Structures are given as structure tokens and as C-alpha cells.
Amino acid sequence: MRKPRDFDSELKALDDKARQLKQAKLQQLGELVVATGADALPVEQLAGALLAAVAASDMIAREDWRLRGAAFFQRQDKARGGARSRAASAAAGNGGSAPAGSAAGAE
């Protein structure tokens, strides 16, 4: 006979893991803002740039932002001697983060 599963503890473990992932994502987004220099912008201007990037439907502009973001992380890679930070790795792997950071830096 099999041992019954403890669904409550499994659900709690999943909830804890989701909370940790959300916290890590927020930290990485903050690191991305600082790494791009966007932390020097007024909060309203940064929010406006991010909202414009999210609302943009022009795929050519989005691809340009993606390329600029990728180039930014490649420069960061070379400056660090090939060791990427967690924020750079996450943003490079996530197509949504690089355009937003690049758009904010273009202001």
C-alpha cells in the first residue's frame, strides 16, 4: 500500500518557491534598472518609457530594442571578463526585459 501524499505541505512548498522566484525577479529588475543607468531618470519618466515599450506594437522597433539590449549585455560580459550577473542572464534570456531597459536608456 502506498503512503498518502501530503498535499498541504506540497502546496505550501510550491507557494514558497513561487514567492522566492517573484522576489528574485523583482531584485533582478532593480539590478537591470541600475545597470542601464535608468535609475538616474525621474520615476515618472522611467515609468512612461516602460509603458511605451510595453504598448509598442511596432515589431521593427521592438527588434531594435532587443538588439540594443543584447549588445549592452555583451559589453557588460566583456567588462566583467565573461562572468554575467544574474540580472544580465535573466534579462538576456527574457525578451521582454531587454527592450524595456533599452527604451529607458534611450530617453
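Source: prediction; values computed, not measured.
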Open item on the list: Under 3.5 Å, is there a donor on one side chain and an acceptor on the other for Gln27 and Glu31?
Closed with: yes
[X] side, atom [atom1]; [Y] side, atom [atom2] - distance, nearest 0.5 Å:
{"X": "Met59", "Y": "Arg66", "atom1": "CE", "atom2": "CZ", "result": "10.5 Å"}
{"X": "Gln20", "Y": "Lys25", "atom1": "CD", "atom2": "NZ", "result": "16.0 Å"}
{"X": "Gln74", "Y": "Leu67", "atom1": "CD", "atom2": "CG", "result": "9.5 Å"}
{"X": "Leu46", "Y": "Thr36", "atom1": "CG", "atom2": "OG1", "result": "8.0 Å"}
{"X": "Asp77", "Y": "Phe72", "atom1": "CG", "atom2": "CZ", "result": "11.0 Å"}

Open item on the list: Tell me which pairs pass salt bridge (Lys or Arg N to Asp or Glu O under 4.0 Å) where either residue lies in residues 6-15, with sequence neighbours left out.
Closed with: Arg5-Glu10, Lys12-Asp16, Asp15-Arg19
Open item on the list: Using a 6.0 Å cut-off, check whether atom CD1 of Ile60 has over 12 heavy atoms from anything other than its own residue.
Closed with: no
TODO: Answer yes or no: is there a donor N or O on one side and an acceptor on the other, between the side chain of Arg62 and the main chain of Ala56, under 3.5 Å?
DONE: yes
